[in-house]
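What follows is one structure encoded as structure tokens, with my remarks underneath.
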Amino acid sequence: MSSAENIEEHLVSVKTSGLQIYWLTVMGLNVRVAIRRGSDVRSKPLLLLNGIGASLEVLEGFIAAMPGCEVIIFDVPGAGKSEAPVLPWRLHTYAKLTVKILDQLGYRLVDVLGLSWGGTLAQQFARQYPERCRKLVLCATSCGSAMFPGHPSILAKMISPRRYLDKKYMSRIAGDLYGGKMRTDPAQVEKHASRVQTTSSRGYYYQLLALAIWSSLHWLHKITMPTLIVHGADDPIIPPVNAKVLASRIPNAELWLMNCGHLFMLTMPDTVAPAIREFLDR
């Protein structure tokens with residue numbers, strides 16, 4: 001278990017997930033980081049990389065469903081409450097920031113889980129810093145600009161961060177955008193909307209740009225650590241064929257396709273978390 005005792009701690013809230021909030025200065029930016037201390041000495045710390053524009057609160061339910069596992073998560077610059085960079089970054093710069101956060105917190109080797117946009121960052125991190133990544137979990141993600149895209153009407157809703165800034169708009173489009181339980185369960189939509197924190201429009205567009213000019217397709221075969229790919233069959237944003245592409249290109253990958261939508265980590269944490277935990281502890 002790692003320690004961050006040398007970091008000035010600003011404890012904002014400890015909810016059911018047990019997250020402790022820290023503010024770090026990394027690459028000249030104020031970045032909000034959270035740690036849920038673990039009690040299972042057999043497992044490696046788990047680094048969570050979130051979806052585009054999403055704040056760390058969005059994954060609290062999943063974190064709560066992983067008892068005993070030490071978890072690190074942060075608001076990507078421009079998302080949640082982290083400061084946005086002045087100029088756009090490439091994915092390799094976001095990966096550099098990620099490793100610097102781990103260095104400041106005292107973590108050397110971690111398991112890495114990336115959701116959606118965070119899954120592309122997870123791939124870049126595993127390629128760029130393979131000595132820091134023991135196992136890799138890719139959830140509802142793709143190989144980037146070479147992906148098989150969703151329907152244009154769905155992608156049009158992704159271009160703007162409006163859903164994070166207007167909760168009524170989020171409620172109207174969530175079913176079509178995310179699929180799965182978001183289509184039929186208004187309580188899931190309300191829960192998701194209530195957990196989203198303020199995001200920077202500039203930071204959101206920078207994340208979009210980083211993804212638009214990035215692809216892992218030509219080097220996926222160089223990701224050698226054990227990899228679990230989890231994807232929903234009803235994913236309007238990233239069609240499931242993209243998961244099959246990842247699984248076919250990553251040498252030590254296994255694929256789990258589920259009957260769910262894009263945000264299964266939010267809507268089905270008690271189903272997804274045990275399977276991911278089994279993979280990590282194997």
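Values below: all heavy atoms of this structure, side chains included; hydrogens, waters and symmetry mates excluded.
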May I ask you to say whether Arg134 pairs ionically with Asp111, meaning some side-chain N is under 4.0 Å from a carboxylate O?
yes
Between Thr227 and Ala253 (side chain of the first, backbone of the second, donor and acceptor by atom type, cut-off under 3.5 Å), is there such a pair?
no
Would you check if the side chain of Ser171 reaches a backbone N or O of Lys167 as a donor-acceptor pair within less than 3.5 Å?
yes
Between Arg277 and the options Asp40, Leu46, Val272, the side chain to side chain contact (heavy atoms under 4.5 Å, CB included) test singles out Asp40
Using the benzene-type ring in the case of Trp, are the ring centres of Trp117 and Tyr94 under 6.0 Å apart?
yes
Donor-acceptor check, side chain of Glu254 to backbone of Phe279, threshold 3.5 angstrom: yes or no?
no
Any idea which heavy atoms bring Arg37 and Tyr107 closest together, and the distance?
NH1-OH, 3.7 Å
With Phe125, which residues qualify under ring-ring contact (aromatic ring centres under 6.0 Å, His included), at least two apart?
Tyr129
Using a strict threshold of under 4.0 Å (side-chain N to carboxylate O), is an ion pair present between Lys81 and Asp75?
no
Is there a side-chain contact between Val71 and Pro45 (heavy atoms, below 4.5 Å)?
no
Given Trp256 and Ile229, is the side-chain contact (heavy atoms from CB on, under 4.5 Å) satisfied, shown in steps?
CA-CA 6 Å; Trp256 185 26; Ile229 299 163; over 6 Å; no
Check: Arg36 side chain, Ile63 main-chain N or O, donor-acceptor pair, under 3.5 Å
yes
Under 3.5 Å, is there a donor-acceptor pair between the Gln188 and Tyr178 side chains?
no
Should Val31 and Glu83 count as side-chain neighbours, where that means a heavy-atom distance under 4.5 Å?
no
Are Val241 and Leu217 connected, step by step, through hydrophobic side chains (Ile, Leu, Val, Met, Phe, Trp, Tyr) whose heavy atoms are closer than 4.5 Å?
yes
Roughly how far apart are Ile173 CD1 and Ile154 CD1, rounded to 0.5 Å?
8.5 Å
Leu59 CG to Leu56 CG distance, which is reported to the nearest 0.5 Å
8.5 Å
Is Gln20 reaching over with its side chain to a backbone N or O of Ala34, donor-acceptor style, under 3.5 angstrom?
no
Could you pull out the closest heavy-atom pair between Tyr204 and Gly53, with the gap in Å?
CD1-CA, 4.0 Å
State whether Tyr169 and Arg163 meet the cation-pi test: NZ (Lys) or CZ (Arg) under 6.0 Å from the six-membered ring centroid, and within 45° of the perpendicular axis.
no
Check this for me, if you would: do Arg183 and Asp234 make a salt bridge, where the nitrogen-to-carboxylate-oxygen distance has to be below 4.0 angstrom?
yes
Nearest heavy-atom neighbours spanning Ala95 and Gln128
CB-OE1, 3.5 Å
Between Gln123 and Ser216, the two heavy atoms sitting closest are OE1-OG, 2.6 Å
For Arg90, does its backbone N or O pair with a side-chain atom of Trp214 as donor and acceptor, under 3.5 Å?
no
Using the side chain to side chain contact (heavy atoms under 4.5 Å, CB included) rule, pick out the option among Asn50, Leu97, Leu91 that qualifies with Leu121.
Leu91
Given 3.5 Å as the limit, does a donor-acceptor pair link the side chain of Gln104 with the main chain of Thr25, or not?
yes
Arg202 (side chain) donor-acceptor with Pro85 (main chain) under 3.5 angstrom:
yes
Can you measure from CD (Glu278) to CG (Leu228) and round to the nearest 0.5 angstrom?
9.0 Å
Connected hydrophobic set around Leu87, excluding itself, where side chains approach under 4.5 Å
Val86
Hey, could you give me the CD1/OG distance between Ile52 and Ser116, rounded to the nearest 0.5 Å?
8.0 Å
With a 4.5 Å cut-off on side-chain heavy atoms, are Met182 and Leu263 touching?
yes
Interatomic spacing from CE in Met258 to OG1 in Thr271 - rounded to 0.5 Å
7.5 Å
Any side-chain heavy-atom pair of Ser201 and Leu165 under 4.5 Å
yes
Residue pairs fulfilling side-chain hydrogen bond (donor to acceptor under 3.5 Å, both in side chains) with at least one residue in residues 147-159, sequence neighbours excluded:
His151-Ser153
In this structure, NZ of Lys222 is separated from NE2 of His218 (nearest 0.5 Å) by 8.0 Å
Is it the case that one hydrophobic cluster holds both Leu105 and Met27, taking links as side-chain heavy atoms less than 4.5 Å apart, direct or via other members?
yes
Mind running side-chain contact (heavy atoms from CB on, under 4.5 Å) on Arg32 and Ser55 for me, showing each step along the way?
CA-CA 9 Å; Arg32 189 172 66 138; Ser55 57; 4.0 Å; yes
Using side-chain heavy atoms (C-beta onward) and a distance below 4.5 Å, is Leu211 in contact with Ser145?
no
Do Ile276 and Leu113 make a side-chain contact, defined as non-hydrogen atoms from C-beta onward lying under 4.5 Å apart?
yes
Tell me the closest heavy-atom pair linking Tyr205 and Ile159, and the distance in Å.
CE2-O, 3.1 Å
Which of these passes side chain to side chain contact (heavy atoms under 4.5 Å, CB included) with Pro149: Ile238, Asn242, Ile237, Leu155?
Leu155
Which pair of non-hydrogen atoms, one from His221 and one from Pro251, has the smallest distance, and what is that distance?
O-CG, 3.3 Å
For Thr120 and Gly144, indicate whether the former's side chain and the latter's backbone hold a donor-acceptor pair under 3.5 Å.
no
Ignoring hydrogens and geometry, is there a side-chain-to-backbone donor-acceptor pair from Glu70 to Gly38 under 3.5 Å?
yes
A side-chain contact here means heavy atoms from C-beta on lying under 4.5 Å apart; do Thr141 and Leu115 qualify?
no
Ile101 vs Leu24, side-chain contact (heavy atoms from CB on, under 4.5 Å): CA-CA, chis, key distance, verdict
CA-CA 8 Å; Ile101 288 173; Leu24 307 182; 4.2 Å; yes
Derivation of the side-chain contact (heavy atoms from CB on, under 4.5 Å) call for Ile35 and Leu19
CA-CA 5 Å; Ile35 299 174; Leu19 287 174; over 6 Å; no
If we only count heavy atoms from C-beta on, is the Phe74 to Leu49 side-chain gap below 4.5 Å?
yes
